[in-house]
Amino acid sequence: MSTFLELGLNEEILKALTDLGYEKPSEIQEKAIPQVISSTDDLKAFAQTGTGKTAAFSLPVLQLLDANSKSTQAIILSPTRELAVQIGNNIKDFSKYMKGVNVLTVYGGANIDEQIRGLKKGVQIVVGTPGRTVDLIKRKQLKLDNIKWLILDEADEMLNMGFKDELDQVLEVTPDDKQTLLFSATFPREVESIARNYMNNPAEISAGQKNTGSDNVSNEYYVVTERNRYPALKRIADANPDVYGIVFCRTKRETAQVADNLIQDGYNADALHGDLSQAQRDGVMQKFRNKSLQILVATDVAARGLDVNNLTHVINYKLPDQTEAYTHRSGRTGRAGNKGISIALITNKEIGKLRPIERKIKKKFEKKVVPTGEEICKSQLFSLIHNVKETEVNHEQIDTYLESIYSSLEGLDREELIQKFVSVEFNKFLKYYSNARDLNDVERDRRSDERGKSRDDENMTRFFINLGRKDNLNPGKLIGLINEQNITNNVEIGQIEILDTFSFFELDKNFTDETISAFTDASFNGRNVNVEITEKKKRSGGGRDRRRGGDDRRGRGRRFEGGRSGGRSDRSSSRRRDGGGDRNNSYDRQDRPDRSDRRSSDKPDRSAGFGRKRK
Ligand code: AMP
């Protein structure tokens with residue numbers, strides 16, 4: 001393996017690297033640095049997050065740029081504000097002994113005038129998020145006609161986040177003779193197409209295998225029922241007392257709920273998702289970085305750009321829709337030479353989702369069983385003993401009390417003392433987990449869920465409504481419509497079934513009369529609404545699904561019993577949400593995958609608030 005000196009870097013840079021504690025180049029640095037220093041060819045680099053990409057592209061640029069010229073010579077595009085800021089700061093650290101080198105980071109949600117003033121001073125390297133970069137180009141404040149280097153960092157992420165147009169716009173205004181360096185952890189079609197359209201015969205390098213997970217990460221899965229997902233998460237956290245990890249959820253609503261539950265259950269946790277303001281996000285990230293938080297519950301987009309190297313675990317509370325996202329999630333652990341564990345909590349139905357991921361990461365998932373109460377108590381006990389052993393005694397604070405402490409404990413021998421001290425801490429775990437259920441008997445839990453559902457059914461009245469998919473009704477709109485009738489606060493809404501021309505919904509049976517009278521004068525998109533009580537479907541031995549599947553497909557009109565008029569049936573269940581305004585939207589907004597980082601990174605975030613009840 002080479003040294004940084006052997007890669008051809010100058011003395012100022014070498015000195016800065018020594019200050020940063022970089023002793024040896026990482027694989028991607030070893031390959032990229034000499035390539036960019038010695039050749040003006042474009043470069044396509046396959047590199048996972050956390051492999052040292054930032055130094056790989058910025059050190060050769062620093063080495064080659066003209067510090068005497070104040071014109072912008074390099075533009076680095078990065079998907080999120082956090083990543084951009086991190087890259088900008090890294091470059092400042094790398095160039096601290098170089099005279100006359102100026103770096104500016106530009107991103108949305110921050111004062112543009114200040115950024116314009118910064119540009120006017122003359123900066124050789126600009127790091128930016130795509131939206132703000134385009135904005136500055138359009139305002140003619142950022143001139144890229146003389147740049148020598150265009151760097152696309154995490155190109156796959158930028159495209160995933162919908163920045164294709166912005167990338168095209170930036171690429172259009174840069175000179176043909178620039179050198180383009182494209183770094184990406186994955187190379188889906190969209191990234192290949194950028195490379196094809198905008199790069200000339202690029203050289204290719206890769207650190208680790210393309211599209212594969214890090215070698216330092218072991219991948220594990222636990223089979224749970226839907227109901228046991230959260231208890232299983234808690235058990236995994238309890239069985240790993242030193243857990244420092246990210247729990248990934250698919251939607252903002254789920255993220256907020258899981259975080260709220262963890263906080264209520266006494267864990268050091270918080271949520272990070274796109275509905276938080278930038279200041280709130282910064283606050284949460286700061287707390288996580290300095291380990292005041294042990295568990296961060298996050299959506300994929302919100303966790304991008306979070307630069308933490310020593311995570312012990314990544315937990316997929318739910319697997320992502322796209323297999324590529326799994327690589328990004330698991331790549332948050334096992335960084336900078338550390339080992340990490342990536343866990344997937346899956347139901348029986350989701351087992352099929354593992355295979356495509358295994359193919360992508362070229363590794364097998366290992367099946368694990370949810371720890372029993374006894375196992376958790378054991379690991380907590382040994383962690384406690386370890387902490388006792390490692391704790392330094394602060395004599396200055398404690399010495400004055402020791403005399404009286406000794407005399408209070410007089411008569412207890414060493415064994416008794418140890419037993420009592422350990423029990424003070426440990427009894428709460430013993431109590432919590434005494435008689436704890438085995439969460440691995442998925443079949444038993446599924447049956448008990450079914451019994452629970454049938455009890456739920458008994459508390460619900462099933463209603464027919466004369467609106468269906470053809471009236472543009474969906475579960476969200478139906479919930480909105482129910483809410484608009486002001487039946488009562490917090491009425492429980494049960495199962496919803498949307499069919500083509502009519503639908504069914506269940507509501508708390510204590511409000512049956514109120515529901516009928518509330519809907520008397522209701523209308524939806526100009527149509528009079530008719531709501532009637534309908535008989536509950538009879539359960540035929542097995543689960544819910546067996547009750548469905550009548551023969552409405554043949555179009556025999558209204559059927560109250562098990563009718564299903566062809567195609568998909570939109571099912572949902574929710575609790576009534578209070579408060580005025582656009583209730584339908586609040587349902588949709590929080591349940592869809594969180595893509596709002598794009599907004600909060602590059603445009604002011606106007607949607608602060610959800611899920612921030614506590615802090
Ligand atoms: P990056 O992939 O650029 O985000 O880097 C991941 C982490 O590894 C950052 O915290 C870097 O500071 C650190 N790092 C990068 N290169 C080296 C190196 N050669 N030696 C030690 N740490 C490094």
Side-chain angles (χ1 to χ4, degrees), residues 1-10 13-37 43 45-63 74 76-96 103 105 125 127 129 149 151-158 181-186 205-208 212-217 244 246 285-286 288-291 303-312 314 327-340:
M1 185 185 274
S2 339
T3 61
F4 282 113
L5 178 66
E6 285 160 357
L7 298 185
L9 294 168
N10 65 33
I13 295 177
L14 292 175
K15 208 162 150 214
L17 293 179
T18 309
D19 287 359
L20 290 168
Y22 286 22
E23 288 170 9
K24 289 214 158 92
S26 68
E27 188 185 353
I28 193 76
Q29 291 161 1
E30 206 171 8
K31 291 179 178 171
I33 294 169
Q35 165 70 27
V36 181
I37 288 181
L43 177 71
F46 300 84
Q48 307 279 341
T49 45
T51 49
K53 281 183 288 126
T54 317
F57 59 72
S58 45
L59 296 183
V61 167
L62 283 171
Q63 167 102 354
I76 300 165
L77 293 180
S78 130
T80 64
R81 163 198 156 127
E82 287 78 21
L83 251 184
V85 168
Q86 193 186 303
I87 294 170
N89 288 340
N90 282 349
I91 298 179
K92 280 179 197 153
D93 287 339
F94 298 147
S95 61
K96 71 178 187 185
V103 185
T105 309
I125 302 179
V127 189
T129 51
W149 299 277
I151 294 144
L152 304 174
D153 188 30
E154 307 222 347
D156 51 349
E157 286 297 323
M158 286 197 277
L181 314 177
L182 183 150
F183 282 74
S184 203
T186 57
I205 55 172
S206 102
T212 61
S214 156
D215 285 342
N216 290 331
V217 180
Y244 178 45
I246 305 180
M285 288 206 206
Q286 186 54 30
F288 188 56
R289 276 195 200 101
N290 66 27
K291 293 201 172 176
R304 270 170 207 147
L306 186 67
D307 175 37
V308 181
N309 282 335
N310 45 353
L311 294 186
T312 58
V314 159
T327 324
H328 281 284
R329 287 180 176 187
S330 58
R332 301 262 147 221
T333 182
R335 298 175 67 157
N338 298 319
K339 293 262 177 238

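Just so you know, ligand 1 is whichever comes first in the structure, and atom 1 is the first atom listed for that ligand. No hydrogens, no waters, no symmetry mates; every other heavy atom, side chains included, goes into these values.
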(message) Is it the case that the side chain of S26 and the backbone of T51 share a donor-acceptor pair, with hydrogens and angles ignored and the cut-off at 3.5 Å?
(response) yes

Flag [X] as yes when one of its N or O atoms lies below 3.5 Å from any N or O atom of ligand 1, and as no otherwise.
| X | answer |
| --- | --- |
| T51 | yes |
| T54 | yes |
| G52 | yes |

(message) Heavy-atom pairs closer than 4.0 Å: do any link ligand 1 to the side chain of Q29, the backbone, both, or neither?
(response) side chain

(message) Counting only heavy atoms closer than 4.0 Å, does ligand 1 sit against the backbone of F183, its side chain, both, or neither?
(response) neither

(message) Within this structure, what is the NZ-CD distance for the pair K24 and Q29, rounded to the nearest 0.5 Å?
(response) 13.0 Å

(request) Find the distance between CD (Q35) and CG (L181) and round it off to the nearest 0.5 Å. (result) 9.5 Å

(request) Could you tell me which residues satisfy side chain to side chain donor-acceptor pair (under 3.5 Å) with D156, sequence neighbours excluded, listed by chain and number? (result) S184, T186, H328

(request) Using a strict 4.0 Å cut-off to heavy atoms of K24, name the atoms of ligand 1 that fall inside it. (result) 18 (C), 19 (N), 20 (N)

(request) Find out whether I76 and I91 are in side-chain contact, i.e. whether some heavy atom of one side chain is under 4.5 Å from a heavy atom of the other. (result) yes

